[in-house]
Structures are given as structure tokens and as C-alpha cells.
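Predicted model, so just to flag it, every value in this text is computed and none were measured. Both backbone and side-chain heavy atoms feed into the values below; hydrogens, waters and symmetry mates do not.
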Amino acid sequence: MFDIQEELKKLPARPGVYLMHDSSDEIIYVGKAISLKNRVRQYFQDSRNVTPKIEKMISKIAWFEYIVTDSELEALVLENNLIKEHSPRYNTMLKDGKTYPYIKATIQEPFPRLLFSRQLKRDKNKYFGPFTSAASVREAIELVNGIYHLRTCNTMAKDRPCLYHEMGRCDAPCQGLIDENTYREHFEGALRFLQGDTKDIKNDLKAKMSEAAERLAFEEAQVYKEQLESIERVTQRQKITSEEQKDRDVLAFAVEKDEAVMQVFFIRDGKLLGREHYYLTGVESEPEEDVISSFIKQMYSGTPFIPRKVKSIVPKRGQKERLIELAKKNARLVLEKDAEKLKRERERTLGAMEEIESLLHMEGRLNRVESYDISHINGFETVGSMVVFEDGKAKKNDYRKFKIRSVSGPDDYGSMDEMLTRRFEHAKREGLSENDSFKHLPDIIFMDGGKGQVHICEDVLRRLHIDVPVCGMVKDDHHRTRGLYFNDQEIPIDTHGEGFHLITRIQDETHRFAIEYHKLIRGKGQTRSILDDIPGIGPKRRQALIKAFDSLEDIKKATEEELSSVPGMDTKSAHSVINFFKEK
């Protein structure tokens, strides 16, 4: 028994991270502290002054744990990693998992290149960005490569120049047609261009265009004209400029109940390169500074560009304050525009899960749902499917397929027993990685059927000493879901509610996944059964036997006369089948 008051006395006065658990062991909050002793005790003091959301969280704490770190910075990093790993319901959460494109300059190479990258790594290369449009990044790379004749190939080992050299877009360093120093001068010009210094190159292109036109070389002049237009397109996004040529990100947000939108303007070298908005949840009654703090930790803990040296300011007047107001207006517009869409999405996912929780009178929060189905044709090539939904959304990376090994014939219960046993025995094994979908037990299991399927699953869980509730999805005579079978009783369900629609989606997805796998193994070159091992039984006779008999067991029991009457079979092949199974 966890005695909170006793455990509070044991807390060290050191920096670290604390994790709050509810009665079902779910992590509901993760926080960091300069002093674990002081910070965690504050939650349980009668004089505490916290938001209603945190007050509700405190009422659900059953026990806590903590991890000591050497510094507050280490605690900050660990806190963010744990929040992303466990998605605690009472933490403010950044919903978007976007990665933004960069231009990577491989300055360490003898003949460096410009590459498209989704990651900003701590290496010796130079990065430009982030950009909000992948298309604009690719256009910029193509433009700069063409203007400065930079190489685009991965290797310098070539027998002859590539097509880019023939087109006049590369000076072919792979053939020694340009020395390293001259190439480096061109590359430095490309870097200046990416930093916003386009005046010299535009003047040079205008001069070349005029000179080509005077020579009546109109096609050449058109090339220079198109390059100038490309420069305008690439740089026209930089409309907001500042007298201070600095890098900064401008943050502002708008809140509506438990949802928020954070708007970020990316300013580089004094120019607005792009903007992006991010959705946040769990912000109801949170102080503004806490929302911004949570966002900053999650946003900048990964790869995005961080303007250095870092300094946070809240401007009160002037251009900087106008930028903040502009960002706020944008955030509010996004929130208002998407409010109904966000509401509908929540209703069909989290709202649907809450409906099911209420319908089944479950106390704990339903997060992970697993559903199972069996597919076969008359008992041949039996397969099973496991699909996973989390927070009302399909989690396809966790789907799993099973080829039934120990059951022959149309035995759905036996096949289901094998599949579930294999799945949950796997869950109990040691040494599973965090990415193994079998490691995580579901909060509830949905069976594609009623009482019989549910009891098969419950028997398997009982044998393996695993406690997970099981619910059957009961269908009517038209194969439509009519209710749920839970705790040995059928529960009617509102067919107009979001909970019903979610159950239908889970049921359809489970069936679809099983059928697709069955089609796959029946595909050309993939179908094989024990009939293939019988001498004299080729593909055509095998298919004829499968069509003529309901199951493999019926083929085993068939008489010579019955086998011989199958189209394509004769007495000799019938004897072959009978003798084969006698020996087995």
C-alpha cells in the first residue's frame, strides 16, 4: 500500500522529474522540479493554490514516483521526453508532430552540395530554415544550384559528365573541369544568397539578360529572365522586415476552453520566412505563462532551429509588439475557423471512447482498444487479425497478423484461442522493446462476435493470469452491430451515437484487415496447404477438392468414390489422397 504522506517524507531535495499515477497505474501528470522535496509536497498541502484542472488531477493521484537528475536542465529534457512518451492527460500537450524542412549545406565536403533535409542535426554542416513549405525549399535548392552551377550527385566517381553539365547547370567537378577553390567561391556565393543577400546576383543576371538580348540570343536571355523570376518567387515570402537583421520566433496564442492554437512567425535575418500554427490541448484554466512554457519545451526539444543566443522578451510597443498582435490575430482566426472541425474530431474519437466508457460503466479511462477476427475459406488457410485503436483513432503501426498453425478445418473458436494465446504470451515475455506493440496491454478487448468469442478470450486471459476486460460486438441477422456483450449480458447501444459509430469502425477495420491478409496468402505464389504435399495433386486438383469439400477434415474422411467424383480427380489420385492421410 502506497502511503503518500510517508513517501513525501522520503523525497530528496534535489532536481528531478516526478510522475503522478492514478489508481489504474496510468501516468496522469509529469512535472520537473529544482527540488523534488519542495515541489511534490506542494500538491498535498491544504493551503495549496492551484488551478481547477490541477485540483482535479490531485484528487486522482494514487501514488507517485520520481527520477533524480544532476541538474534542472537534465530534468527539463527528461520531463519533455516523458510527456511525449506517455501523453499524460493533465499535461498541456502539443498535438502536432510536424517536422519542417531545411536546406542543408554540406560545407565539410571538398565540393559541397545543398540538400533537402527534415532534420537539423548537431553536425558540422550548415542549415537554413525552418521553412513551412517543402515545395519552396526544393525550388530554392534547384534555383541556387542552377545559378551557381553546384553539383547535385552523390558521388564524384563518374566516367563522364552527367546531364546537368550538358545543360550548363553544373561545372562537372567529377571530371576535374573546375578546381576546388573556384568551386568553393561559387558555393560561398550560394550561401550568401540563402542568407538573403540577393542584390549582386540579381544585378548580374539583369546585366547578362540585357547583353544576351543585344546579341539577339533570346533563348539565353529568357533563361536569365526565368532565373530572376524564380528569385522573386523564393524571396517574396519575406514581406515583413525589421531594421534589426536578427533571427527570432514570434509566439502568440488564442484559447477556447480546453483547446488552444499557438501561432509562430519564423523570422530569419530580419525577414519573415514563414509561419505555422500548432494545436494544444489540456490548457483550460492554465496561466498564460505556463501554456507558453509548455509549448516552448515541446517545440524546441527536437530538431527545429533555435535562434541563438536565446533571449525571451514580451514587447509592449513598437514593431515587435505589432508582430505579437498580428500573431495573436492569426491564432484566433485559426481557432475560430477550426473550432467546429476540432469539436467534431474530438466527438468522433475521444468523445466516442467516453460514450463507451459510460455505456460499460467503466471507471478507468479507455485509451488502447484491441480487436480480433478470424478469416478462412471452409477452414483452409485460416488467418487472424489484431487491430489497435488509441484515443479513438486507428494505430496501424500496432496492427498484427497471425497465420493459424495448430487448427485445421473451420474451427473459429480454436483459431481464436491460438491467436490470443500467442498474442498475450508474447506480452509476458522479458526483453521486449518499447516499440513492440505486444508489450502494451489493451484497456479493453473487442471481439468480433458475441458470447462465445468473449468467453474464448476470457479463458485465454484467465490461463495467463492477465486482467483485461473483454467486450463482444454483437450483430443482428443482417450482420449489423446491434449491441455489446459485456459482463455476461447484452447491452443495447444507441445506433445514432458516436460510440456506436466508433465500434462500427473498429469492427469494419478488424474484418477488413483479416480479409486482406487472407487474400494476400491466397495470392499467386503464396498459397500453400497440406494438399500440396500429396503426390499427384497439383494446383487444379487442390482447388477442386477445396471447392468440393467443406473442410480439410471432410477430405480426410472422404471415400474413394467421393474423391473420384470431384471434377479433375480419378481413381489413382483418389487413392493417393487416401494413402497420404493414412500415413499421417
Ignoring hydrogens, what is the shortest heavy-atom contact between [X] and [Y]? Give both atom names and the distance.
X: Asp494; Y: Phe500; value: O-CB, 3.1 Å
X: Leu251; Y: Asp249; value: CD1-O, 3.7 Å
X: Ile374; Y: Met419; value: CD1-CE, 3.8 Å
X: Thr69; Y: Arg14; value: O-NH2, 3.9 Å
X: Pro469; Y: Met362; value: CG-CE, 3.6 Å
X: His501; Y: Thr495; value: CE1-O, 3.8 Å

salt_bridge([X], [Y]) N-O dist < 4.0 Å:
X: Arg346; Y: Glu354; value: yes
X: Arg505; Y: Asp508; value: no
X: Glu6; Y: Lys10; value: no
X: Glu490; Y: Lys451; value: no
X: Glu498; Y: Arg348; value: no

Given side chain to side chain contact (heavy atoms under 4.5 Å, CB included), test Ile292 with Met262 step by step and report yes or no.
CA-CA 8 Å; Ile292 293 178; Met262 184 74 70; 4.2 Å; yes
Nearest-0.5 Å distance, [atom1] of residue [X] to [atom2] of residue [Y]:
X: Leu464; Y: Phe424; atom1: CG; atom2: CZ; answer: 8.5 Å
X: Phe486; Y: His361; atom1: CZ; atom2: NE2; answer: 9.5 Å
X: Cys471; Y: Ile356; atom1: SG; atom2: CD1; answer: 8.0 Å
X: Asp448; Y: Gln507; atom1: CG; atom2: CD; answer: 4.5 Å
X: His455; Y: Met416; atom1: NE2; atom2: CE; answer: 14.0 Å
X: Met447; Y: Leu420; atom1: CE; atom2: CG; answer: 5.0 Å

Any donor-acceptor pair under 3.5 Å linking the side chain of [X] with the backbone of [Y]?
X: Thr51; Y: Glu286; answer: no
X: Ser385; Y: Thr510; answer: yes
X: Ser358; Y: Glu355; answer: no
X: Thr421; Y: Asp417; answer: yes
X: Asn91; Y: Val30; answer: yes

Compute the ring centroids of Phe253 and Tyr278, then answer whether they are less than 6.0 Å apart.
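Not under 6.0 Å, so no.
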Tyr43/Tyr18 aromatic ring centres below 6.0 Å
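Yes, close enough.
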Counting only heavy atoms from other residues, nucleotides and ligands, does the tally under 6.0 Å from NZ of Lys53 exceed 12?
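Atom NZ in Lys53 is packed in, count exceeds 12.
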Using side-chain contact (heavy atoms from CB on, under 4.5 Å) as the criterion, point out the one residue from Ile54, Leu19, Ile58 that pairs with Tyr29.
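Among Ile54, Leu19, Ile58, the one that satisfies the side-chain contact (heavy atoms from CB on, under 4.5 Å) with Tyr29 is Ile54.
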Kindly assign one of parallel, tilted or perpendicular to the pair [X] and [Y], based on the angle between their ring planes and the thresholds 30° and 60°.
X: Phe438; Y: His426; value: tilted
X: Tyr102; Y: Tyr127; value: perpendicular
X: Tyr399; Y: Phe513; value: perpendicular

Trace of the side chain to side chain contact (heavy atoms under 4.5 Å, CB included) decision for Ile445 with Leu461:
CA-CA 11 Å; Ile445 297 170; Leu461 296 175; 4.0 Å; yes
For the salt bridge (charged side-chain N to carboxylate O under 4.0 Å, His left out) test, which of Asp443, Asp398, Asp391 pairs with Arg368?
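That would be Asp398; it is the only one of Asp443, Asp398, Asp391 passing the salt bridge (charged side-chain N to carboxylate O under 4.0 Å, His left out) with Arg368.
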Side-chain contact test, heavy atoms from C-beta onward, threshold under 4.5 Å: evaluate it for [X] versus [Y] and give yes or no.
X: Arg462; Y: Glu458; result: yes
X: Tyr372; Y: Arg423; result: yes
X: Phe64; Y: Leu8; result: yes
X: Leu82; Y: Ile27; result: no

Pairing donors with acceptors under 3.5 angstrom, does anything connect the side chains of Gln42 and Arg39?
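Note: Gln42 and Arg39 side chains meet the donor-acceptor criterion.
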Salt bridge (charged side-chain N to carboxylate O under 4.0 Å, His left out) for Lys60 and Glu26? Distances and angles first, verdict last.
CA-CA 10 Å; Lys60 294 182 178 294; Glu26 178 188 352; over 6 Å; no
Decide side chain to side chain contact (heavy atoms under 4.5 Å, CB included) for Met473 and Leu484; before the verdict, give the C-alpha distance in whole Å, the side-chain angles of both, and the deciding distance to 0.1 Å.
CA-CA 5 Å; Met473 299 179 286; Leu484 300 176; 4.3 Å; yes
One pair to check against side chain to side chain contact (heavy atoms under 4.5 Å, CB included): Asp25 and Trp63. What are the steps and the verdict?
CA-CA 8 Å; Asp25 283 348; Trp63 64 283; 2.9 Å; yes
Go through it in stages, so that I can follow the logic: the residues are Arg422 and Glu418, the test is salt bridge (charged side-chain N to carboxylate O under 4.0 Å, His left out), and I'd like the CA-CA distance, side-chain angles, deciding distance and then a yes or no.
CA-CA 6 Å; Arg422 286 163 56 187; Glu418 179 192 322; 2.7 Å; yes
